[in-house]
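What follows is a single structure, written as structure tokens, with notes after it.
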Number of protein chains: 2
Amino acid sequence: MATTTTTSDRPLRRDAERNRQRILVAAHEAFAEDGLSVTLDEIARRAGVGVGTVYRRFPDKDQLIDALFEHQMGEFVALAEECLTDAAPWDGLVRFLEQACASHACDRGFKEVALSGTHGLERVARARQLMFPVVSRLVARAQADGSLRADVAATDIPLLQVMLGTLSECTRDVEAGVWRRYLMLVLDGLRTSRDTPTPLPHEALTPEQTQRTMSAWKHSSR
Amino acid sequence: MATTTTTSDRPLRRDAERNRQRILVAAHEAFAEDGLSVTLDEIARRAGVGVGTVYRRFPDKDQLIDALFEHQMGEFVALAEECLTDAAPWDGLVRFLEQACASHACDRGFKEVALSGTHGLERVARARQLMFPVVSRLVARAQADGSLRADVAATDIPLLQVMLGTLSECTRDVEAGVWRRYLMLVLDGLRTSRDTPTPLPHEALTPEQTQRTMSAWKHSSR
DNA sequence: ATAGAAGTGGAGGCTATGTCTCCACTTGTT
DNA sequence: AACAAGTGGAGACATAGCCTCCACTTCTAT
């Protein structure tokens with residue numbers, strides 16, 4: 001977190017720097033809980049500073065988002081690269097997908113930055129572009145190995161993440177862990193072959209939970 | 001379409017009835033293309049009438065939605081029931097899922113009504129509740145048959161539809177048919193076992209298409 | 001201790017978007 | 001022709017987010 005960024009000329013005054021950190025922390029929390037649509041007013045409230053202070057430090061929301069998520073995106077690319085070195089290619093791919101879903105499930109802001117192309121600035125965009133080649137290699141490796149079906153493409157991966165991300169978002173308030181169940185279902189669809197269903201790692205929702213999930217679910221508006 | 005509803009006392013004047021139909025048609029089109037979030041002003045514009053006319057005929061948006069989708073929901077329940085009579089239980093389930101996804105892909109409004117619990121009134125809500133038992137039987141039948149894995153539950157079905165619906169929504173402007181690809185992937189995850197991947201019914205997106213998809217994708221706001 | 005540079009808060013201006021009302025006017029019906 | 005029924009669409013109202021402005025406070029260098 002907390003890049004020391006700023007096109008620094010003079011260092012910030014001590015209290016100003018402290019406020020800057022508070023804003024970053026508050027923004028991260030707020031984005032994680034409510035997504036990138038939270039207002040800067042809300043972030044200011046959480047940080048215990050005035051809106052003016054937020055706007056002085058970050059000319060607009062994208063600057064703030066960029067400063068916040070550059071690091072996190074970088075870390076994630078590193079993780080993907082690490083998965084590339086797993087002994088079993090299939091396990092590497094699974095670990096990557098699991099990690100991605102887990103991050104998206106507990107940090108809506110990160111999910112939106114990683115999965116949507118619209119937000120953030122150059123730094124974040126650059127990190128995003130670093131992902132594709134790594135994912136391609138994860139896919140190719142698992143296919144060469146015979147464990148991943150040959151007819152999926154690297155471009156399927158982000159779309160699967162969108163699907164699973166939506167799911168974890170709309171169930172998060174009802175039963176936070178169910179996404180694992182659907183990830184496993186999808187993984188069983190991605191295997192080249194299997195004799196028996198892989199045990200699902202989470203109970204199905206009850207009908208009541210399902211209903212609560214659906215009625216809370218807000219569609220995107222465009 | 002076009003229920004003749006209204007707690008009719010006097011029948012509407014001829015021109016008024018004609019306008020009412022126009023509104024219903026325009027609303028259906030608008031909802032299908034842009035989702036339930038279209039404004040009544042927009043619907044009026046499309047119908048070629050003034051907003052006032054819309055509001056006189058339908059006190060608010062939910063009344064309009066209810067009048068529009070009651071029929072469509074009923075039809076869909078009927079289709080589900082028909083799938084229950086397919087010779088092969090697995091095929092019945094697949095046909096149901098395919099139909100559902102197809103309807104959702106070409107009618108955003110219907111998708112939102114069917115999948116979200118928030119919209120419409122009693123009539124639509126009632127139709128929605130009719131679905132669950134039918135889906136339960138579709139699932140049970142395919143499981144009894146051994147084709148559908150034993151560890152999925154009826155409640156998984158609507159959530160899979162949410163996942164696939166999201167996908168078809170975010171790809172619709174880039175490559176309208178890809179949702180079939182992901183449905184098949186999911187289906188291959190739902191089978192009890194298989195030796196080889198079922199051929200996917202649609203090409204993967206190109207990297208460029210994927211990028212376009214992601215950058216157009218708007219997240220839900222809550 | 002103090003001057004003045006640096007920083008602050010939050011009311012409020014501005015824009016955008018959507019819902020719904022109102023009533024002078026038009027149209028259909030008998 | 002008479003009048004009930006219906007109409008359009010400007011605009012009142014509400015909400016909500018972005019961002020500015022400036023009188024005031026706080027820091028820090030001397």
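Reminder, nothing fancy here: chain letters follow the sequence lines and each chain counts from 1. These values consider heavy atoms only, across backbone and side chains, with no hydrogens, waters or symmetry-generated copies.
Within 6.0 Å of the CD atom in A/Glu175, the count of heavy atoms belonging to other residues, nucleotides or ligands exceeds 12. Within 6.0 Å of CZ on A/Arg137 lie no more than 12 heavy atoms contributed by other residues, nucleotides or ligands.
When the nearest nucleotides of DNA chain D are assigned to B/Asp41 and B/Ala16 by heavy-atom distance, the more 5′-ward of the two goes with B/Ala16. Both A/Val49 and B/Thr39 lie near DNA chain C, and the one whose nearest nucleotide falls closer to the 5' end is A/Val49.
Per the geometry, CZ belonging to A/Phe58 stands 19 Å off C1' belonging to D/dG17, to the nearest Å. Atom-to-atom, CG of B/Asn19 to P of C/dG28 comes out at 10 Å; the value is rounded to the nearest Å. A/Leu40 has its CG atom 14 Å from the C1' atom of D/dA16, to the nearest Å. One atom, CZ of A/Arg22, and another, P of C/dG7, lie 16 Å apart when rounded to the nearest Å. Distance, A/Gln63 CD to D/dC18 P: 15 Å, rounded to whole Å. Rounded to whole Å, atom C1' of D/dA12 lies 13 Å from atom OH of B/Tyr55. Regarding B/Lys61, its NZ atom lies at a distance of 8 Å from the C1' atom of C/dG18, rounded to whole Å. In this structure, CD1 of B/Ile23 is placed 8 Å from P of D/dG8, rounded to the nearest angstrom.
Taking side-chain N and O atoms only, B/Arg56 has no distance below 4.0 Å to OP1 or OP2 of D/dA5. Close to D/dT7, at under 4.0 Å from its OP1 or OP2, lies a side-chain N or O of B/Arg57. Regarding contacts with the backbone of C/dA5, every side-chain N or O of A/Arg13 stays at 4.0 angstrom or more from both OP1 and OP2.
At a threshold of 4.0 angstrom between heavy atoms, the contacts of A/Arg14 are confined to the sugar-phosphate backbone, with no base atom among them.
Between A/Phe110 and A/Phe76, the ring planes lie perpendicular to each other; the angle is over 60°, past the 30° to 60° tilted range. Using bins of under 30°, 30° to 60° and over 60° for the plane-to-plane angle, the ring pair B/His28/B/Phe69 lands in the perpendicular bin.
If you check D/dC19, D/dA10, D/dG6 against the side chain of B/Val51, the one that comes closest is D/dA10. In this structure, of D/dC27, C/dT27, D/dC18, it is D/dC27 that holds the atom nearest to the side chain of A/Asp15.
Minimum interatomic distance between A/Ala153 and A/Val139 (heavy atoms only, all atoms of both residues): C-CG1, 4.5 Å.
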